[in-house]
Amino acid sequence: MHCDPRFSRVREVFERQLADGAELGAAFAVHLDGELVVDLWGGVADRHTGRLWEHDTPAFAYSCTKAITATVLLQLAERGLVDVPGAVADVWPEFAARGKGAITVEHLLTHQSGLPVVEEPVPVEEFGDLAAIAARLAGQAPLWEPGLAHGYHALSYGFLVGEVIRRVTGKSVGELVSAEIAEPLGLELWVGAPDSVIARTARLKAGERPQTATPEGQAKRAPDPGSPMNAETAKGAPDPGSLMTAEIAKAALDPHSLMNRALGNPGMHRLKGGANHPVILRAGWPAAGVVTTARGLAGFYRSLIAGDLLRPETLRDAVRPRVHGPDRVLFLDTSFGLGYMRPSMTFPMPSGTAFGHSGLGGSLGMGDPERGLGIGYVMNKMADAVSGNVRGLRLVQAVYDSL
């Protein structure tokens, strides 16, 4: 492990969280002005076998994938292959069905398309067929007028953006991440992991199931983190318990709510072990499919802010907030640029110039061009629905406190 003395506070927080049981296994990495100043790992990668977390142990990082997918699309835009303000149907004609002809690529990236839900249940046999899932979305009508509201497209974001990418390149997001990002930069990062990586990937452990009060005041068990409603809805909140309003609690307990429908189809929980299942780890869903080390995720953001992946002007425009305010799916305030989260209730950062994306259970990737930071955090003890990713936020705060 490595920790620059200037960041000793970060190491203290990391080691304390492991020692007090807040973590099972985890890794945290920080680049400052291109230099790897923090590279920490520890704990247990698989509680069933006792396998320890090693320097190269990757983890499934759920929605951290979205920022990577956005970067792939923006690389194509720089090459003139995709017009971000242009209509999706220009490259995907079938998408124009049911009144969607005016939906733009920007609407997809900013969660404004009105397609947060795959309406038809996706069979397990189709989990690896991303084009087939995208075709289901192409046949749907938007749930709100595109461009007039935003709501977190938890899984559909990836099938939509990924299909635009496939239509103009003939390749999947995972193939392009490997060829254009991970291999050239030497990053431990896969959107769709090979079997050799799956064999050493950390095994996720579901979070605890706390008591949650319903609007009627009756105590009920909170939804299992392996089910559609889970920590994705409360990740990153500084005091998540206080944010579980009656409206959110009601939606969480309703399997037919927009929140649960957006989070639960395709349903990873239908496979034994959920996201631990090789089918999910191989599939490379472009919204929730990345397998990475903390070092690989931090390196991705280091490369972004260094101009290695996108032109500086492209990144500046991409992180400019396009939407901010109440989210129709998550209820809490969210803020997005072109695929990147910006500071908000669900992405509370110490700096207004930070951007990135968090993931279910607490994983986090972020960059801050003003301070020259690239940060990655992965773990395997999933946060529950009312604890968000407080562990990751403590580490991020310790980084800023050390600057």
Side-chain angles (χ1 to χ4, degrees), residues 58-73 92 108-109 111 113 115-138 140 152-167 169 171-178 181-182 189-195 197-198 201 204 225-228 230-232 235 260-292 296-297 300 329 339 341 357-361 363 365 378 382:
F60 188 74
Y62 286 93
S63 289
C64 292
T65 320
K66 291 182 174 69
I68 299 166
T69 296
T71 301
V72 170
L73 186 137
W92 181 5
L108 303 187
L109 290 168
H111 303 264
S113 74
L115 296 167
V117 174
V118 183
E119 297 285 6
E120 296 178 352
V122 177
V124 170
E125 296 75 24
E126 203 172 278
F127 279 15
D129 191 343
L130 309 189
I133 301 173
R136 293 177 182 274
L137 287 161
Q140 295 178 195
Y152 190 52
H153 289 42
L155 297 175
S156 62
Y157 167 100
F159 303 122
L160 293 166
V161 177
E163 183 64 8
V164 170
I165 290 169
R166 190 184 73 85
R167 292 282 174 142
T169 67
K171 297 180 180 179
S172 69
V173 170
E175 289 172 324
L176 291 170
V177 167
S178 177
I181 297 175
L189 186 151
W190 303 265
V191 178
D195 288 348
V197 171
I198 290 173
T201 295
L204 303 178
S227 68
N230 43 42
E232 191 78 15
K235 59 178 181 283
N260 276 331
R261 287 160 56 209
L263 293 165
N265 185 35
M268 295 183 191
H269 60 286
R270 294 173 58 194
L271 295 169
K272 185 177 180 180
N276 293 310
H277 199 287
V279 166
I280 299 299
L281 298 174
R282 289 190 197 107
W285 292 356
V290 69
V291 176
T292 183
L297 195 54
F300 167 75
V329 174
M341 279 183 159
H357 218 290
S358 53
L360 171 62
S363 50
V378 297
M382 304 291 284

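For residues 157-166, every residue pair satisfying the side-chain hydrogen bond (donor to acceptor under 3.5 Å, both in side chains) rule, not counting sequence neighbours, is listed here: Glu163-Arg166, Glu163-Arg167. Listed by first and then second residue, the side-chain hydrogen bond (donor to acceptor under 3.5 Å, both in side chains) pairs involving residues 281-292 are Asp195-Arg282 (not counting sequence neighbours).
Formation of a donor-acceptor pair under 3.5 Å by the Asn265 side chain with backbone atoms of Val117 is not found in this model. With hydrogens and angles disregarded, a donor-acceptor distance shorter than 3.5 Å links the side chain of Ser156 to the backbone of Leu115. At least one donor-acceptor pair under 3.5 Å links the side chain of His111 to the backbone N or O of His153. In this structure a side-chain-to-backbone donor-acceptor pair under 3.5 Å is present from Lys66 to Ala154. The closest donor-acceptor contact from the side chain of Ser178 to the backbone of Gly174 lies at 3.5 Å or more, if one exists at all. With Thr65 contributing its side chain and Val290 its backbone, the two residues share a donor-acceptor pair below 3.5 Å. Without hydrogens or angle criteria, Glu175 side chain to Ser172 main chain gives a donor-acceptor distance under 3.5 Å. For the pair Glu119 (side chain) and Gln140 (backbone), a donor-acceptor distance under 3.5 Å is absent.
To the nearest 0.5 angstrom, Met341 atom CE is 5.0 Å from Tyr152 atom OH. Here CG of Asn276 is found 10.5 Å from CG of Leu271. Values are rounded to the nearest 0.5 Å. A distance of 6.0 Å separates CD1 in Ile181 from OG1 in Thr71, rounded to the nearest 0.5 Å. To the nearest 0.5 Å, atoms CG (Leu108) and CG (Leu137) are separated by 10.0 Å. Atoms CD1 and NE2, on Ile198 and His277 in that order, are 10.5 Å from each other to the nearest 0.5 Å. Annotation: the span from Asp129 atom CG to Ile133 atom CD1 amounts to 7.0 Å, rounded to 0.5 Å.
For the pair Gly274 and Ile280, the tightest heavy-atom approach, listed with the atom from each and the gap, is O-CG1, 3.7 Å. Taking each heavy atom of Pro123 and Arg136 in turn, the nearest pair found is CD-NH2, 3.4 Å. Scanning all heavy atoms of the two residues, the minimum distance from Trp92 to Ala138 falls at CZ2-CB, 3.7 Å. Scanning all heavy atoms of the two residues, the minimum distance from Ala61 to Ser363 falls at O-OG, 3.2 Å. Here the closest non-hydrogen pair linking Thr201 and Ala59 is CG2-CA, 4.1 Å. The heavy-atom pair separating Val173 from Gly162 by the smallest distance is CG2-CA, 3.9 Å.
Between Pro266 and Leu155, some side-chain heavy-atom pair lies under the 4.5 Å cut-off. Considering only heavy atoms from C-beta on, Trp190 stays 4.5 Å or farther from Val177 through its side chain.
When each of Leu160, Val161, Leu109 is checked for a side-chain contact (heavy atoms from CB on, under 4.5 Å) with Thr69, only Val161 meets the rule.
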side-chain contact (heavy atoms from CB on, under 4.5 Å) between Val122 and Phe159: does it pass, once the steps are laid out? CA-CA 12 Å; Val122 177; Phe159 303 122; over 6 Å; no
